[in-house]
Protein chains: 2
Amino acid sequence: MTEVFITDDHPIVLDGLRNLLETSEDILPAGIFQNGTDTLKALKEREPDVLLLDINLPDINGIELSKQIHDTYPELKIIILSVHNEKAVIRSVLQNGVNGYVLKNSIGDDILEAVRKVMDGDLYMCRQTRQIYESEDSNGPDVIPKITRREREILQLVTEGYTSAQIADKLFISPYTVETHRKNLMEKFDVNNMTAIIRYATEFKLL
Amino acid sequence: MTEVFITDDHPIVLDGLRNLLETSEDILPAGIFQNGTDTLKALKEREPDVLLLDINLPDINGIELSKQIHDTYPELKIIILSVHNEKAVIRSVLQNGVNGYVLKNSIGDDILEAVRKVMDGDLYMCRQTRQIYESEDSNGPDVIPKITRREREILQLVTEGYTSAQIADKLFISPYTVETHRKNLMEKFDVNNMTAIIRYATEFKLL
DNA sequence: TAAAAAATACCTGAAACGAGGGATGGGAAT
DNA sequence: ATTCCCATCCCTCGTTTCAGGTATTTTTTA
């Protein structure tokens, strides 16, 4: 019997998933959580075989969380269940050691299959995820760039429409420093103006 | 018996909702759809009492769709069930004649109550929605600005990082014209640079 | 505690953007 | 038939951003 933890912030989704898993003979919903903190707490008590994890959680970003959990519990199979169909998101979580990625518009069977496949030691992606993952073309970063605390702060303020001078005032630093952070951000995102970054930052919920 | 149509692009959510409605004596899930087109088609055949509608649909934007449906079937009660917790989104759909707004992180009881309340002729909002709706402070537009086809096109290209000159080249128009569109966009969103717009446009999925 | 990463600051010149105008023609709706 | 909206184009000037560096001081992390 495969024991599964489920973490998603929408009660209706949790209901749907619990029902789904209960219909199968070999899979048991062993824990249901609505945020990252509760999930981490429960893992300290008891380690299931599989964790079905959403990315948009109220407290911790699911991408970070997947890395953290994988590092602490390397035996635990993690399957991401998310609406995020951006290549950078998919590649980022897979780099974090995740074992499966299923888009939320998938049917229930895909989720059951994902659980079984990762228990066999395979990497599972639903069809659409695989397509996106393999697509070479595309614009935008291949993975989500890692940005520092200060960079996130500057990005936040740029997104709110503040100029470098205004940001410098707010943070009590030199405008030159703000400019440097901007330049570093543009380099990390591989673009040549801030407008192009904001789209990704909002899309990836980096702010 | 209250007949309910449900439209949401996630099968798992649909399952959860169907189960939820079936637990109640007085509410009947009468139709389940994964996109706007199917919903419109079904409405031509048969009109339920209530439509539970998601905003993020693959084919038609739920905000537009709610307006269209309300105009055609004014008797039909529409309840929006969405992750969008932005004031501008809530106010926009309510202006479209929607009868209820429930956030997706609500519990099942909230949804059942929403159905019953709107059948009584009341406007229903879950607690969190009401809070956001009533919040006077806040930054950002109160409703989602209506932008023209051309403006959307320019906004799209700005978001992708193109300069005005590059956009002018692409669209075979004068850079002056591009500048004019930018200015009109900034006026509509009530901001003074494009960066501030992109955040909303991405958040509201205007692109 | 040594090395790496992050945050800070400075300089210059070119390119792009924003604020503030005015103006015209075409098409849709009333 | 006329008004309104949309898309188009033009001009100027000041501000802001971007690209190209270099360099020092804190923090973190290994």
Side-chain angles (χ1 to χ4, degrees), chain A residues 64 67-68 70-72 95-96 139-141 143-201 206-207, chain B residues 64 67-68 71 139-141 143-201 206-207:
Chain A
E64 294 302 314
K67 178 173 176 53
Q68 198 181 322
H70 177 73
D71 290 349
T72 318
Q95 275 188 5
N96 285 353
N139 23 20
V143 294
I144 299 174
K146 286 194 208 316
I147 62 175
T148 69
R149 227 172 311 139
R150 202 53 154 175
E151 283 166 356
R152 172 174 296 107
E153 204 169 356
I154 269 94
L155 180 50
Q156 173 78 50
L157 293 168
V158 170
T159 304
E160 286 170 15
Y162 293 104
T163 66
S164 291
Q166 290 172 323
I167 294 170
D169 269 2
K170 261 184 195 280
L171 302 182
F172 305 106
I173 55 179
S174 156
Y176 289 125
T177 308
V178 178
E179 291 286 322
T180 303
H181 286 306
R182 290 177 89 117
K183 277 186 281 192
N184 290 336
L185 280 164
M186 287 190 273
E187 206 175 312
K188 286 187 180 185
F189 278 85
D190 192 26
V191 296
N192 43 23
N193 57 238
M194 292 299 286
T195 55
I197 291 188
I198 293 168
R199 179 246 221 120
Y200 297 121
L206 256 53
L207 304 179
Chain B
E64 293 303 314
K67 180 174 174 51
Q68 198 181 324
D71 290 349
N139 23 21
V143 293
I144 299 174
K146 286 194 207 318
I147 62 175
T148 68
R149 227 171 310 138
R150 202 51 155 177
E151 283 166 356
R152 173 174 294 105
E153 204 169 355
I154 269 91
L155 180 51
Q156 173 77 49
L157 292 167
V158 170
T159 305
E160 287 170 17
Y162 293 104
T163 66
S164 290
Q166 291 172 322
I167 294 170
D169 270 2
K170 261 185 194 280
L171 302 181
F172 305 107
I173 55 178
S174 156
Y176 289 125
T177 307
V178 178
E179 292 287 326
T180 303
H181 286 305
R182 290 177 90 116
K183 277 186 281 191
N184 290 336
L185 280 165
M186 287 189 273
E187 205 175 312
K188 286 187 180 186
F189 279 85
D190 192 26
V191 297
N192 42 23
N193 58 236
M194 292 300 286
T195 55
I197 291 188
I198 293 168
R199 177 246 221 125
Y200 297 122
L206 258 51
L207 303 179

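Residue numbers start from 1 in every chain, and the chains themselves are labelled A, B, ... in the order their sequence lines are given, proteins ahead of strands. Just the heavy atoms: all of them, side chains too, but no hydrogens, waters or symmetry mates, feed the values below.
- In this structure, NZ of B:Lys146 is placed 17 Å from C1' of D:dC4, rounded to the nearest angstrom.
- Under the side chain to side chain contact (heavy atoms under 4.5 Å, CB included) criterion, B:Thr177 pairs with B:Ile173, B:Ser174, B:His181, sequence neighbours left out.
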Can you give me the N/O atom pairs linking the protein to nucleotides 6-8 of chain D at distances under 3.5 Å, or say none if there are none?
unit_1 : atom_1 : unit_2   : atom_2 : d
D:dA7  : OP1    : B:Arg150 : N      : 3.2
D:dA7  : OP2    : B:Thr148 : OG1    : 2.4
D:dT8  : OP1    : B:Arg150 : NE     : 3.3
D:dT8  : OP1    : B:Arg150 : NH2    : 2.8
D:dT8  : OP2    : B:Arg150 : NE     : 2.8
D:dT8  : OP2    : B:His181 : NE2    : 3.2

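- For A:Asn192, the side chain to side chain contact (heavy atoms under 4.5 Å, CB included) criterion is met by no residue, not counting sequence neighbours.
- In this structure, the side chain to side chain contact (heavy atoms under 4.5 Å, CB included) partners of A:Thr180, at least two apart in sequence or on a different chain, are A:Asn184.
- A search for side chain to side chain donor-acceptor pair (under 3.5 Å) contacts involving A:Glu187 returns nothing, not counting sequence neighbours.
- A:Leu206 places a side-chain heavy atom less than 4.5 Å from the side chain of A:Ile144.
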What protein N or O atoms touch nucleotides 13-17 of chain D N or O atoms at under 3.5 angstrom, if any, and at what distances?
unit_1 : atom_1 : unit_2   : atom_2 : d
D:dT17 : OP2    : A:Ser164 : N      : 3.0
D:dT17 : OP2    : A:Ser164 : OG     : 3.3

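- Note: A:Leu157 CG to A:Ile167 CD1 = 5.0 Å, rounded to the nearest 0.5 Å.
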Stepwise side-chain contact (heavy atoms from CB on, under 4.5 Å) check, B:Arg199 with A:Leu207: CA-CA 10 Å; B:Arg199 177 246 221 125; A:Leu207 304 179; 5.7 Å; no
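- Among residue pairs with one or both ends in residues 162-182 of chain B, none qualify as salt bridge (Lys or Arg N to Asp or Glu O under 4.0 Å); sequence neighbours excluded.
- Under the salt bridge (Lys or Arg N to Asp or Glu O under 4.0 Å) criterion, B:Glu153 pairs with B:Arg150, sequence neighbours left out.
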Pairing annotation in dot-bracket form, given for DNA chain D with Watson-Crick or G-U pairs under 3.5 Å and | for cross-strand partners: ||||||||||||||||||||||||||||||
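- The nucleotide range of DNA chain C contacted by chain B, defined by atoms under 4.0 angstrom from heavy atoms of the protein and reported 5' to 3', is C:dA16 to C:dG21.
- B:Lys188 is linked by a side chain to side chain contact (heavy atoms under 4.5 Å, CB included) to B:Pro145, B:Ile147, B:Thr148, B:Glu151, counting only residues two or more places apart in sequence or in another chain.
- For B:Gln156, the side chain to side chain donor-acceptor pair (under 3.5 Å) partners two or more places apart in sequence, or in a different chain, are B:Glu160.
- A:Val158 is listed as a side-chain neighbour of A:Ile198, based on a closest heavy-atom distance under 4.5 Å.
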